[in-house]
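Below you'll find the structure, written out as structure tokens, and then a few comments.
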Amino acid sequence: MSAELSPPAPKPADDRIRCDACPVMCYIRPGQAGACDRYANQDGELIRVDPHVVLERVVEAGGNIVPFSANADAWDGRVVGEPTTFVTAIGAGTTYPDYKPAPFIVASEVDGVDMVTVVTEGIFSYCGVKVKIDTDRHLGPERSLVRAAGEPVGHVTTGEYGSQMLSLGGVNHLTGGSKKEGRVTCDTLLALCNGQAVELTIDGGSNLTVQAGKPPLVNGQLEERMRVGCGSATIGMFAKQWEGFVDEVVVVDDHITGILSEHQAGKVLGIPDTGIKIKGRRSTPGRYFQVAEPGTGWGGTDISDPLSILQPFDPKVARPGLTMLMTSTTGEHSAYFVLDEALRPVETEMPDQLRRSVELIRENCEPALSTVLFMAGAGGSLRSGVTENPVRLTRSVKDTLTLVTCGGAPTYVWPGGGITFMVDVTRVPENAFGYVPTPALVAPIEFTLRLEDYERLGGHMSEVRRLSEAHGLSPERRSVRPRSDNPWPLGPSDPRRLAG
Ligand code: SF4
């Protein structure tokens, strides 16, 4: 942070110094940290408390992000092997207000092309997270409030393909509600983004424990597997294995319950009608909606007795001795029935072949995880720290001339206005996220582009320095290895960025 660019601030009468890295403008006593614990007064100097993180590639080795020189010696600005070094924004500091250039604008050379990476820790007051929870269990009605510590922090949104989705944070919870709501929302987002477990409750639904990259806990129960598909898809996948071993199969699912004899897969295999009748709304042959209410029972419904979704068999078609397998889409629940003389299903021990098919369904269910995507926008004033003509940065990102990364991790940038991006928090180095009490989250963001493009879009050219010339606000540097599944941000992954 350049002292000469700081806005004039009233000088305290004592030895406190004023941090101007966010709107809170803390006065900090010597040896103490500001309200966010990110900046401190060290012998009268404002320092960024956490080490500045750089990614360092080691030959062609990969591996997940592993700190290998955490708390390294004081950084002397020494060049560390360009272009195997990528300067992230983690610990780089924030500029506020954003008309000041970003804390680091670092030049490097990649395959003979001069590149520049502009890094800053952005303050995001409108940010949020999207949480994907791999479970077919009903967590709560869509649009229900999600709470942390009793405060509303988001809502249940559209379920997607066997996963339940939550939308948490955003401006309405961070700044639009009570002070406590904003603080709890900020704490919740911060914990989730930094990979910590968070307890949530859903109005009219379940209690959850969610942690990025870990299986969710639903009402205290560990979710191990996500469903193999809906009931109809399960019929399609396994119909061949049931042929000749059972007369009827019902795959119970909250979304689409499948019936083998009616389903196209059964028709193709020549499976005869069984006279089965099921509750719910018939969508297409063998596919039924709303056979029960959503819940935490069989296949994400509220039933514990699978026969409760059946109506009496059609006596004109059914016959005593007819066999029926009922299973959920995860294979977690299953039962085998034989019709008695009165055409009532009687539960009987399941034959081995069918037991194996249920095990196969179970085996085909992928591990259930919670996935947390951080979502924020760099479409506001943050762009001014990059260029004097902010809209050109947006255009450059849209034209894929500028790569946007978050702590070196790849982002998805939404089409349309602004630079609205999402990042999987598990691909970002640990503890990359911070907060300020406005409240808002602090997240790293880096823009990498060709130097000549940077000049063309009105970049702060006088601030461009090589890494060797860069002196951080932080006294320490921490080198981490990039994750092997993250593309190298300075690599030629996008030819347009490197093309002349
Ligand atoms: S909250 Fe943190 S960044 Fe903001 S002024 Fe205080 S110490 Fe600086």
Side-chain angles (χ1 to χ4, degrees), residues 1-53 88-104 118-127 169 171 173-175 178-191 193-194 374 376-378 380-386 406-407 428-429 431-446 471-478:
M1 186 176 300
S2 313
E4 67 276 15
L5 287 170
S6 300
K11 233 182 151 20
D14 52 27
D15 50 4
R16 293 176 300 166
I17 55 173
R18 193 166 202 193
C19 175
D20 60 358
C22 93
V24 178
M25 307 284 273
C26 297
Y27 286 106
I28 310 175
R29 294 186 186 286
Q32 292 191 354
C36 65
D37 287 333
R38 296 166 58 240
Y39 286 88
N41 179 344
Q42 186 180 68
D43 302 327
E45 205 188 324
L46 184 68
I47 59 153
R48 180 72 177 85
V49 171
D50 307 296
H52 184 188
V53 172
T88 78
I90 304 165
T94 309
T95 50
Y96 178 81
D98 292 311
Y99 64 78
K100 290 182 280 187
F104 285 94
V118 185
V119 313
T120 191
E121 288 183 299
I123 299 175
F124 297 103
S125 305
Y126 304 164
C127 68
V171 66
H173 293 292
L174 278 168
T175 64
S178 68
K179 209 169 171 181
K180 189 175 176 204
E181 178 178 336
R183 186 176 49 75
V184 171
T185 301
C186 188
D187 290 350
T188 303
L189 297 181
L190 181 64
C193 288
N194 279 336
F374 173 69
S381 60
L382 185 148
R383 294 172 300 174
S384 302
V386 182
C406 178
V428 180
N431 292 322
F433 293 84
Y435 81 102
V436 289
T438 52
L441 242 63
V442 177
I445 186 162
E446 303 98 20
H471 294 282
L473 291 169
S474 164
E476 291 183 345
R477 168 174 64 87
R478 183 164 72 104

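As the structure is a computational prediction, the values presented were derived from the model and not from experiment. Ligands are counted one by one from 1 in listed order, and the atoms in each one are counted from 1 as well. Hydrogens, waters and symmetry mates play no part in the numbers below; they use all other heavy atoms, side chains included.
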* Asked: When Tyr39 is tested against each of Thr94, Asp50, Asp20 for side chain to side chain contact (heavy atoms under 4.5 Å, CB included), which residue passes?
  -> Thr94
* CD1 of Ile17 to CG of Asp43: how many Å apart, nearest 0.5 Å? -> 10.0 Å
* Asked: Nearest to atom 6 (Fe) of ligand 1, what protein heavy atom do you find, and at what distance?
  -> Cys26 SG, 2.3 Å
* In ligand 1, which numbered atoms sit nearer than 4.0 Å to a non-hydrogen atom of Pro437? -> 1 (S)
* Working for side-chain contact (heavy atoms from CB on, under 4.5 Å), residues Phe124 and Leu174 -> CA-CA 10 Å; Phe124 297 103; Leu174 278 168; over 6 Å; no
* To do: Give a yes or no on whether the backbone of Gly91 and the side-chain of Glu121 come within a donor-acceptor separation of less than 3.5 Å.
  => yes
* Can you tell which part of Met25 has a heavy atom less than 4.0 Å from ligand 1: side chain, backbone, both or neither? -> backbone
* Closest protein heavy atom to atom 8 (Fe) of ligand 1, given as residue, atom name and distance to 0.1 Å -> Cys19 SG, 2.2 Å
* Asked: With a cut-off of 2.8 Å, does Cys36 place any N/O/S atom under that distance from atom 6 (Fe) of ligand 1?
  -> no
* To do: State whether the side chain of Glu446 and the backbone N or O of Thr88 hold a donor-acceptor pair below 3.5 Å, judged by distance alone.
  => no
* Structure fact -> protein heavy-atom neighbour closest to atom 7 (S) of ligand 1 works out as Gly34 CA, 3.5 Å
* Structure fact -> Under 4.0 Å from one or more heavy atoms of Arg38, ligand 1 contributes atoms 3 (S)
* Between atom OG1 of Thr185 and atom NZ of Lys180, what is the distance when rounded to the nearest 0.5 Å? -> 11.0 Å
* Asked: Considering only the protein, which heavy-atom contact is closest to atom 4 (Fe) of ligand 1, and what is its distance?
  -> Cys22 SG, 2.3 Å
* Structure fact -> For Tyr39, the ligand 1 atoms with a heavy-atom partner under 4.0 Å come out as 3 (S), 7 (S), 8 (Fe)
* Any donor and acceptor pair, going by atom type alone, linking the side chain of Arg48 with main-chain N or O of Ala92 inside 3.5 Å? -> no
